[in-house]
Amino acid sequence: MLNTLAAFLLHWAIIALSLWVASHIFSGIRFESTSALVVSALLLGFANAIVKPVLILLTLPLTLLTFGLFLLVINALVLLLVAALVKGFRVSGFWTALFASLFVSLLSIVFGALVGGGDPATTIQMPDGGNWL
């Protein structure tokens with residue numbers, strides 16, 4: 001239980017750090033307070049775990065037709081959804097959300113690899129027992 005909680009808090013911190021860095025790089029992303037950043041990171045984690053798989057399933061034909069590039073649009077839409085739900089988190093438009101979501105995803109992978117021991121070949125265990133990497 002404690003190991004799972006520590007992994008959750010670490011993932012939450014990585015997302016928050018990635019969002020913070022993105023807000024300094026992209027002028028169209030703004031946080032009015034630290035609490036807005038923390039809540040946004042938490043909600044983005046939940047949205048990626050719950051809403052994003054549903055959107056992927058619903059748009060599977062379009063995703064296959066575009067060879068997976070529509071997943072970038074889904075990432076942007078999830079970021080815009082979080083911005084709409086969290087007071088104090090602003091994203092100026094779709095293109096900002098698209099590039100920022102790509103940046104946040106890549107930066108989260110880098111931070112996760114650094115914190116996870118720096119080994120890019122780290123195996124990530126899925127809940128059903130399969131391996132992701």
Side-chain angles (χ1 to χ4, degrees):
M1 169 86 179
L2 189 58
N3 195 14
T4 306
L5 181 62
F8 169 76
L9 292 175
L10 180 64
H11 185 69
W12 186 16
I14 288 172
I15 293 174
L17 181 61
S18 298
L19 283 172
W20 180 76
V21 171
S23 72
H24 284 59
I25 291 178
F26 295 96
S27 61
I29 296 180
R30 293 280 182 239
F31 291 100
E32 291 179 5
S33 64
T34 305
S35 62
L37 173 65
V38 170
V39 171
S40 296
L42 179 65
L43 194 56
L44 185 61
F46 284 138
N48 280 334
I50 296 167
V51 176
K52 187 175 173 183
V54 173
L55 288 175
I56 290 172
L57 185 64
L58 291 175
T59 61
L60 190 59
L62 187 57
T63 301
L64 293 174
L65 187 66
T66 61
F67 299 108
L69 290 176
F70 193 71
L71 293 175
L72 298 174
V73 173
I74 291 175
N75 281 342
L77 292 175
V78 169
L79 189 62
L80 286 170
L81 173 68
V82 171
L85 293 175
V86 176
K87 183 179 179 185
F89 176 35
R90 304 279 183 257
V91 177
S92 64
F94 174 78
W95 292 108
T96 301
L98 181 77
F99 292 117
S101 66
L102 184 62
F103 178 79
V104 167
S105 298
L106 293 175
L107 198 60
S108 294
I109 290 171
V110 170
F111 286 153
L114 292 175
V115 172
D119 183 15
T122 303
T123 302
I124 298 173
Q125 293 290 327
M126 297 300 287
D128 61 356
N131 289 333
W132 186 55
L133 287 176

Apart from F67 itself, members of its ILVMFWY cluster (side-chain separation under 4.5 Å) are none
Only distances under 3.5 Å count here; give the side-chain donor-acceptor pairs of residues 35-52 to other protein atoms, sequence neighbours excluded, each with its distance to 0.1 Å.
unit_1	atom_1	unit_2	atom_2	d
S35	OG	S33	OG	3.0
S40	OG	A36	O	2.6
N48	ND2	L44	O	3.3
K52	NZ	N75	OD1	2.6

With sequence neighbours excluded, give me every ring pair (Phe, Tyr, Trp, His ring centres under 6.0 Å) pair touching residues 81-102. F31-F89
Value rounded to 0.5 Å, distance of CD1 in I15 from CG in L10: 10.0 Å
State the CG-OG1 distance between L64 and T59, to the nearest 0.5 angstrom. 9.0 Å
Enumerate donor-acceptor pairs with a distance under 3.5 Å from any side-chain N or O in residues 76-84 to protein atoms, sequence neighbours excluded.
none

Test L107 against every option in L102, L19, V21 by the side-chain contact (heavy atoms from CB on, under 4.5 Å) rule and name the one that passes. V21
May I ask whether [X] and [Y] are part of the same hydrophobic cluster, defined by side-chain heavy atoms of I, L, V, M, F, W, Y residues being less than 4.5 angstrom apart, directly or through others?
| X | Y | result |
| --- | --- | --- |
| I29 | I25 | yes |
| L114 | L17 | yes |
| I74 | L69 | yes |
| L60 | F70 | no |

What salt bridge (Lys or Arg N to Asp or Glu O under 4.0 Å) pairs are there with at least one residue in residues 29-49, not counting sequence neighbours? E32-R90
Is the shortest heavy-atom distance from the side chain of L106 to the side chain of V110 under 4.5 Å? no
With a 4.5 Å heavy-atom cut-off, do S108 and V104 have their side chains touching? yes
Listed by chain and number, what are the ring-ring contact (aromatic ring centres under 6.0 Å, His included) partners of F103, not counting sequence neighbours? F26
